[in-house]
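Step one of this worksheet: look at the structure below.
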Amino acid sequence: EALDRALALSPRSEWGYHMRAYYLAQDGRYDEALAACRPDVFGDDVPWGLCAQAAEIEAQRGNRDGAIAQMQAVCADNPDSARVWRRLAEWFDAGDENDRYLEAARQLTRLAPENQVSWNHLGDALRKTGDTAGAVVAFRQGIDIDPPHPFAIASLFDLYLETEDVARAGEVIPLAE
């Protein structure tokens, strides 16, 4: 109701349609949420943010493959969107598509190098593709950005134990305190 009023006042408000789609999806009304991502007012020129949201809604309703295909189409037109690469990284990771996960994580760190989560994804993807040394560097970079981050600390600790570098594993413990 409030969103309807807001959209009546500002019919090209991407944010208004975003919020409508978000609340409909949260309510499990996926078809309506997807329709909200493609408002008639935009014709064939739907803002990429709404197209990305439609892909996220597809994933939310369990259609990961469809979500990936849609997000890759968004990515083709917006290759410098950290949001797009982050979602792709998450979905590739969830599907154990490690090489694709690694590529998405590399793009994410390129676009959001100041974001600790970017480095977590890269470290995790490198680890899953067998590059232990690269994973250590990525997790260390993440820790430099956000020292108390538990995922990076635990991952780095585990990597050191896996490589039997007990001394370095011991150096990581104080970071968690």
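All of these numbers come straight from a predicted model, not from anything done at the bench.
- Contact check for Asp158 versus Arg127: side-chain heavy atoms found under the 4.5 Å cut-off.
- The nearest pair of heavy atoms linking Arg110 to Pro79 is NH2-O, 3.3 Å.
- The closest side-chain heavy-atom distance from Arg83 to Met71 is not below 4.5 Å.
- Remark: the backbone N or O of Gly66 is paired with a side-chain donor or acceptor of Asn63 at under 3.5 angstrom.
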**Request:** For the pair Lys128 and Asp124, evaluate salt bridge (Lys or Arg N to Asp or Glu O under 4.0 Å) and give the outcome as yes or no after the intermediate values.
**Result:** CA-CA 6 Å; Lys128 289 179 176 183; Asp124 191 43; 3.4 Å; yes
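- Chaining together hydrophobic side chains whose heavy atoms lie under 4.5 Å apart leaves Val137 on its own.
- Using a 4.5 Å heavy-atom cutoff, the side chains of Ile68 and Glu97 are in contact.
- Gly16 and Leu3 get closest at one heavy-atom pair: O-CD2, 3.8 Å.
- One distance of note links CG of Leu88 with OH of Tyr101; it measures 12.5 Å at 0.5 Å rounding.
- Note that the CG atom of Leu24 and the CE atom of Met19 stand 11.0 Å from one another [nearest 0.5 Å].
- Side-chain contact between Leu111 and Asp80 is present, with at least one heavy-atom pair separated by less than 4.5 Å.
- Among all heavy-atom pairs drawn from Pro39 and Tyr17, the shortest one is CB-CE2, 3.5 Å.
- For the residue pair Pro11 and Ala8, the shortest heavy atom distance occurs at CD-O, 4.0 Å.
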Under 3.5 Å donor-acceptor pairs involving side-chain atoms of residues 40-51, not counting sequence neighbours:
none

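- Atom CD1 of Ile153 and atom CG of Leu175 lie 5.0 Å apart (nearest 0.5 Å).
- Of all the heavy atoms in Ala89 and His121, the pair that sits closest is CB-ND1, 4.2 Å.
- Tyr23 contributes no side-chain N or O that, together with a main-chain N or O of Ala33, makes up a donor-acceptor pair within less than 3.5 Å.
- Atom CD of Glu114 sits about 10.5 Å away from atom OG1 of Thr109, to the nearest 0.5 Å.
- Using modelled atom types, one side-chain atom of Thr163 and one backbone atom of Tyr160 make a donor-acceptor pair closer than 3.5 Å.
- Note: Leu34 CG to Glu58 CD = 5.0 Å, rounded to the nearest 0.5 Å.
- Inter-residue side-chain proximity for Gln26 and Gln60 is flagged as met; some heavy-atom pair is nearer than 4.5 Å.
- Paired with Glu56 under the rule side chain to side chain donor-acceptor pair (under 3.5 Å), one option of Arg61, Arg87, Gln70 passes, and it is Arg87.
- The aromatic rings of His149 and Phe151 stand perpendicular to each other, their planes meeting at an angle above 60°, with 30° marking the opposite boundary.
- Proximity of a side-chain donor or acceptor of Gln116 to a complementary backbone N or O of Ile145 within less than 3.5 Å is not detected.
- In this structure, the separation between CH2 on Trp15 and CG on Leu7 is 12.5 Å, given to the nearest 0.5 Å.
- What you find for Ala135 and Gly123 is that their closest heavy atoms are CB-O, 3.3 Å.
- At distances below 3.5 Å, at least one donor-acceptor pair connects side-chain atoms of Asn115 with backbone N or O atoms of Val117.
- Between Leu126 and Thr132, every side-chain heavy-atom pair lies at or beyond the 4.5 Å cut-off.
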